[in-house]
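Keep in mind the model is a prediction, meaning the values are calculated, not measured.
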There are 2 protein chains.
Amino acid sequence: MATGAPPPKGWQAIHDEVLRRIHARDWPPGHVIPNEVDLAREFGCARATVNRALRALAEEGILERRRKAGTRVALHPVSRATVDVPVIRREIQERGQRYDYRLLDRGTAQPPAAIRATLGAGEALHVTALHSADGAPYVFEDRWISLTTVPDAAAECFTSLSANEWLLARAPYTHGDIAFSAEAASDRDAELLDSSAGAPLFVIWRTTWDHDRAITTVRLAYAPGYRIRTRIGGVAAGGGQA
Amino acid sequence: MATGAPPPKGWQAIHDEVLRRIHARDWPPGHVIPNEVDLAREFGCARATVNRALRALAEEGILERRRKAGTRVALHPVSRATVDVPVIRREIQERGQRYDYRLLDRGTAQPPAAIRATLGAGEALHVTALHSADGAPYVFEDRWISLTTVPDAAAECFTSLSANEWLLARAPYTHGDIAFSAEAASDRDAELLDSSAGAPLFVIWRTTWDHDRAITTVRLAYAPGYRIRTRIGGVAAGGGQA
DNA sequence: CGTTGGAATATGTATAGACATAATCACATG
DNA sequence: CATGTGATTATGTCTATACATATTCCAACG
């Protein structure tokens, strides 16, 4: 028979039915849908079950919920994608490639103004390194670490363990900012990544924080051809089993 | 007093306490934490409350949960960021800029092999357009629409309403694939985006599906300087209030 | 010794009921 | 008319209990 998927039961069934009504335009964008109590009665289940389904749809960006105002179909659907930014070593090893890490430089210095704006005044630890896959350069990492937030970093050499992994273990962050962009390879980028100056590089800027204190700011310049892939929708509300 | 944040109550308090123990290495990576019943007893609450907190942490990628096996601290922490890819018109208008849409070309044709692999055999609708902000080119859109999945599209001219918005309204997708990458501007990219050939462009490839049938595949080439920003952690498990 | 089958167990989900909280709306008041 | 205030209401959350389900573990069996 090979039925694609068994008919869902429980809150997922409600999730799917509500989604169907939205897609079928029974409930067009902006429409306020019935409240949880009424839906529970209609579906013959407890309110908590409806709540679970609607909350999942809200987390997907399909619904917008506000107390007292009720639940409405989102006016401006956005594609909400969850991107996993993995630890570089694992990213490479999971593809079955050999991972190499080479520290290029390490020292304390006064960071440039743009970095100082987030890391705060004073000296910081500057670490540059190259990650490679099967011998080919993969990512050029240029990182500043706050010595006020992470004083222990001053004693670490980072010759064999990448700063990223050391920090993850020693100074976990509470939140962070990420930016994806395309940059032209500088002369240094080009030399290290074995490409030519001006080549389009996929670049990730990431700053991580421990509450209100910045831990580290890093620029990751990926070798040409790199891309980040992800999905939207799909698992619906299943959660995060990789 | 300006206390940064009020001490959380309920399931968020448990979420934060568990996270604290993980960060404090009371529960190191790989460690199996107590089961929900024990934690509920410890925190003096119902199991459902603990469940809510642990499920949130699992969705963040901090914990891994399996029935019977229990809950363990994730061995390989990944930065799980949720990226909102907005409708281009809104993205521009929300910054207070004027939005312009110009259809460049529209016609049915045999798509190139790479597109045909996902869209299926047969002719498809090819639409190219330029979105601009305050008169400056912003995104060059190159899209193929499956006429087998969305036959209505053949009758639409796309002169004033962008294909993206038309599709969102008429042919909602169940899931999609997204890829972010950096590409060198082709001659055509450069001409349309008012930059020079070879310039690094941020490019998004997106394919959307209605169950197992592809709806559309689009390449969005953004003008130089574009970047996508997002956060990790932060709201923890609050959900999706924009 | 390997395989299989069942018992044990931790999470997943559902339920009914209750209270908390935020936001809205209508009304009264200045 | 502007404004504040309180009742109303829908969602947010918690509780206690129950059953479902996936896995693991172990023991019996071939």
Walk along nucleotides 17-28 of chain C from 5' to 3' and tag each nucleotide B, S or - by protein heavy-atom contact under 4.0 Å, base first, then sugar-phosphate. -B--BSBB----
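- No donor-acceptor pair under 3.5 Å is formed between the side chain of B:T71 and the backbone N or O of B:P34.
- The shortest distance between the side-chain N/O atoms of A:N51 and the OP1/OP2 oxygens of D:dT13 is not below 4.0 Å.
- In summary, the side chains of B:T82 and A:T82 do not present any donor paired with an acceptor at a separation below 3.5 Å, with no hydrogens or angles considered.
- With rounding to whole Å, B:H15 atom NE2 is found 18 Å from D:dC14 atom C1'.
- Residue B:E64 contributes atom CD, which lies 14 Å from atom P of C:dT11 at whole-angstrom precision.
- The CH2-P distance, from A:W11 to C:dT15, rounds to 14 Å in whole Å.
- Phosphate contact (OP1/OP2 of D:dT15, side-chain N/O of B:T49, threshold under 4.0 Å): present.
- A salt bridge does not link B:R102 with B:D100: every distance from a Lys NZ or Arg NE/NH1/NH2 to an Asp or Glu carboxylate oxygen is 4.0 Å or more.
- Taking a cutoff of 4.0 Å between a charged side-chain nitrogen and a carboxylate oxygen, B:R55 and A:E59 do not qualify as a salt bridge.
- As rounded to whole Å, 15 Å separates atom C1' of D:dG12 from atom CD1 of B:I14.
- Each of A:Y99, A:Y222, A:Y101 was evaluated against A:H131; a single residue qualifies, A:Y99, per the side chain to side chain donor-acceptor pair (under 3.5 Å) test.
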Could you go step by step and tell me if B:E91 and B:Y138 meet the side chain to side chain donor-acceptor pair (under 3.5 Å) rule? CA-CA 11 Å; B:E91 184 178 8; B:Y138 190 77; 3.3 Å; yes
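- Note on A:R55: every side-chain N or O is 4.0 Å or more away from OP1 and OP2 of D:dG12.
- No donor-acceptor pair under 3.5 Å is formed between the side chain of A:S146 and the backbone N or O of A:T216.
- Counting to the nearest Å, the P atom of D:dG12 and the CG atom of A:L54 are 9 Å from each other.
- A side-chain donor-acceptor contact under 3.5 Å links A:Y173 and B:S79.
- Between A:T71 and D:dT11, a side-chain N or O to OP1/OP2 separation shorter than 4.0 Å is present.
- Nucleotide D:dT21 holds its C1' atom 15 Å from the CZ atom of B:R65, rounded to whole Å.
- Between B:R52 and the phosphate of D:dC14, there is no side-chain N or O to OP1/OP2 separation shorter than 4.0 Å.
- Judged by distance alone, the side chains of B:H15 and B:E60 do bring a donor and an acceptor atom under 3.5 Å apart.
- Annotation: proximity of residues 26-45 of chain A to DNA chain D (heavy atom, distance under 4.0 Å) is found for A:N35, A:E36, numbered in ascending order.
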